[in-house]
Amino acid sequence: MANQNYNPYDNAKTQFDRVAEMLDLDQATRDLLRQHRQEVHFTIPVKMDDGSTKIFKAFRMIHNDARGPGKGGLRFHPHETADTVRALSMWMTWKCAVVDIPLGGAKGGVICDPRTMSQGEQERLCRGFIRRLHSQVGYNIDVPAPDVMTNGQHMMWMLDEYESITGKRFPGMITGKPVGMGGSLGRTEATGYGVVYCLRECLKNMKIDITKTTASMQGFGNVGEYAARMYVDLGGKLIAISSWDATDKVSYTFRKMEGCNPAELADIKDTFGSIDKNKAQALGYEVLPGSDWLCQDVDILIPAALENQITPEVFPNISKKVKILCEAANGPTTPDCDQLIQDAGIMLIPDFLSNAGGVTCSYFEQVQGNMNYYWSKEEVLEKLESAMTKAFHNVYNLAQEKNLYMRDAAYVVAINRVANAAKIRGWV
Ligand code: NAD
């Protein structure tokens with residue numbers, strides 16, 4: 001579960017304020033970028049299989065669209081909150097800007113638990129979401145995508161509902177569609193691979209041989225699995241991975257000192273990224289408490305699950321051996337840890353830079369959809385690698401030049417780009 005003691009929106013604003021101050025941004029630009037351009041809060045009545053009707057609460061927010069239409073995922077989660085969506089949409093603005101794609105920041109969420117809902121109930125929820133929101137989304141307004149506990153099937157139900165209402169085909173209205181239905185090859189891998197492209201470049205700059213490194217990861221969903229696969233493919237040794245167990249309602253860490261095998265763990269996880277503990281044990285994995293992923297004696301920590309996982313309370317549990325904190329999840333570290341990370345001499349690869357591969361590939365999906373011509377997987381991944389490598393070095397070089405903390409450097413790049421777009425439009 002996400003740490004309830006921290007409000008991610010407060011975190012996002014604290015991070016923004018710090019860099020706004022450094023950049024000496026004028027008041028109007030601060031006021032514009034600190035707030036959301038649009039927030040929609042609504043309810044979706046859904047007929048459940050047992051004949052009852054359940055009312056689900058939903059949100060869709062556009063933080064900023066100065067650089068292009070809103071873009072951002074849609075989460076289905078029982079603990080979703082308006083402030084989480086506010087924070088995530090704000091981070092989307094910075095994420096699109098830091099990789100320099102012409103999109104703004106948006107995000108949505110529905111308070112629900114798809115793990116306890118039938119396919120029919122989920123389909124009615126998705127269609128209800130669009131029936132209520134169709135005038136506020138679209139390829140030139142705001143483009144949703146999958147995120148925590150949503151997938152290509154959910155996106156297709158939403159697209160179909162949208163096209164039924166409008167009477168036209170609009171493949172660019174949503175991304176994360178299945179391949180063959182307007183989806184891009186490489187999207188499944190994009191976020192996790194992008195994380196490791198950044199990590200690889202960072203290790204090169206630090207003159208560390210990736211094949212001599214060890215890592216520990218939290219989360220083995222879409223992002224975690226593909227980050228794990230790429231890291232291990234490049235020769236790294238991943239010794240621990242934690243995931244949430246929906247039956248026991250706790251998380252577990254699965255450890256193998258000789259190195260986890262992401263492919264075999266992928267075979268024993270469910271569609272929500274929960275690793276089966278009995279099967280893992282049978283494959284020789286130690287099953288440890290969920291929080292143990294953080295205190296492993298490794299070179300690299302990769303939080304790839306939820307926000308607010310690394311706090312000052314747990315920071316002392318991090319091994320002195322850790323050299324890199326590579327944030328794959330959104331907002332996994334609370335702002336009061338930033339000074340601790342710097343004092344400990346840990347290199348940070350900030351979330352909205354390292355996990356920008358997903359939205360970059362979503363942008364490629366839109367480009368391919370507009371052309372109605374689809375690239376090979378190799379072509380997509382080549383373009384992704386090039387975009388992520390360029391974005392990483394841009395931030396890293398600025399951090400080195402100006403002696404900035406990596407999170408601040410990423411914010412400087414992103415905020416400057418969005419502030420300039422708002423200025424050129426004449427908004428501020
Ligand atoms: P997912 O739903 O596919 O997987 C989440 C994983 O986290 C699962 O393995 C789950 O078991 C695990 N988990 C949940 N609670 C946990 C806990 N308390 N301890 C340990 N493990 C726990 O989600 P995802 O798409 O992989 O996204 C993960 C993170 O990355 C989120 O913060 C998301 O917003 C962010 N992100 C995702 C994408 C994307 O393309 N999917 C892009 C950018 C950022």
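Note that the structure is a prediction, hence the values are computed from the model and not measured. In listed order, ligands and their atoms are each counted from 1.
Considering both main-chain and side-chain atoms, Val223 comes within under 3.5 Å of ligand 1 through a nitrogen or oxygen pair. For ligand 1, none of its N or O atoms has an N or O atom of Gly358 under 3.5 Å away. Looking at ligand 1, you'll find an N or O of Thr191 within less than 3.5 Å of one of its N or O atoms. Taking distance alone, with nitrogen or oxygen atoms compared against 3.5 Å, Trp244 approaches ligand 1 more closely than that limit. Close N/O approach between Lys107 and ligand 1 is not found [any backbone or side-chain N/O within under 3.5 Å].
Of all atoms in ligand 1, listed by their number and element, those nearer than 4.0 Å to a heavy atom of Phe220 are 6 (C), 8 (C), 9 (O). The contact set between ligand 1 and Met149, taken as ligand atoms under 4.0 Å from a residue heavy atom, comprises 2 (O). Here is the list of ligand 1 atoms found below 4.0 Å of a heavy atom in Phe272: 8 (C), 10 (C). Below 4.0 Å from some heavy atom of Ser251 lie the following atoms of ligand 1, by number and element: 17 (C), 19 (N), 20 (C). Counting atoms of ligand 1 from 1 in the listed order, those under 4.0 Å from a heavy atom of Asp147 are 33 (C), 34 (O). For ligand 1, the atoms closer than 4.0 angstrom to any heavy atom of Arg187 are 40 (O).
Side-chain contact between Arg200 and Leu234 is present, with at least one heavy-atom pair separated by less than 4.5 Å. The shortest side-chain heavy-atom distance between Phe129 and Leu74 falls under the 4.5 Å cut-off. Residues Leu103 and Tyr363 have side chains in contact (heavy-atom distance under 4.5 Å, counting atoms from C-beta outward). Looking at Tyr374 and Val179, their side chains never come closer than 4.5 Å, going by heavy atoms from C-beta outward. Using a 4.5 Å cut-off on side-chain heavy atoms (C-beta onward), Val314 and Ser291 make no contact.
Under 4.0 angstrom from ligand 1, there are no non-hydrogen atoms of Lys269. Under 4.0 Å from ligand 1, heavy atoms of Ala329 appear from its side chain as well as its backbone. Within the 4.0 Å heavy-atom criterion, neither part of Trp293 lies near ligand 1. Counting heavy atoms closer than 4.0 Å to ligand 1, residue Lys95 contributes side-chain atoms (C-beta onward) but none from N, CA, C or O. Within the 4.0 Å heavy-atom criterion, the part of Ala328 lying near ligand 1 is the backbone and not the side chain. The proximity of Met92 to ligand 1, defined as any non-hydrogen pair under 4.0 Å, does not occur for either the backbone or the side chain.
No cation-pi contact links Lys256 to Phe254, judged by a cut-off of 6.0 Å to the six-membered ring centre and 45° from its axis.
Considering each of Asn222, Leu88, Asn355, Ile275, the one bringing a non-hydrogen atom nearest atom 43 (C) of ligand 1 is Asn355. Closest heavy-atom approach to atom 5 (C) of ligand 1 within the set Ala145, Gly73, Gly221: this belongs to Gly221. Of all the listed residues (Pro114, Ala304, Pro332, Gly273), Gly273 holds the heavy atom that lies closest to atom 9 (O) of ligand 1. Across the listed options Ser362, Ala305, Gly219, Ala305 owns the non-hydrogen atom lying nearest to atom 28 (C) of ligand 1. Distances from atom 44 (C) of ligand 1 to the heavy atoms of Asn330, Val250, Leu306, Thr271 show the closest one on Asn330.
Annotation for Ala280 and Ile275: closest pair CB-CG2, 4.1 Å, computed over non-hydrogen atoms.
Between Tyr139 and Phe170, the ring-plane angle classifies as parallel under the 30° and 60° cut-offs. Note: His393 and Tyr396 have perpendicular aromatic rings, judged against thresholds of 30 and 60 degrees for the angle between ring planes.
The main-chain N or O of Trp244 is found under 3.5 Å from a side-chain atom of Ser274 such that the two form a donor-acceptor pair. A donor-acceptor distance shorter than 3.5 angstrom exists from the side chain of Asp299 to the backbone of Thr214, with no hydrogens or angles considered.
In this structure, Gly290 does not count as a contact residue of ligand 1, since none of its heavy atoms falls inside 4.0 Å of the ligand. Heavy atoms of Arg75 approach ligand 1 to within less than 4.0 angstrom.
Surrounding NZ of Lys47 are at most 12 heavy atoms belonging to other residues, nucleotides or ligands under 6.0 Å away.
Side-chain contact of Asn308 with Asn11: a donor-acceptor pair under 3.5 Å is present, judged by distance alone.
Side-chain rings of His134 and Tyr162 stay apart, their centers remaining 6.0 Å or farther from each other.
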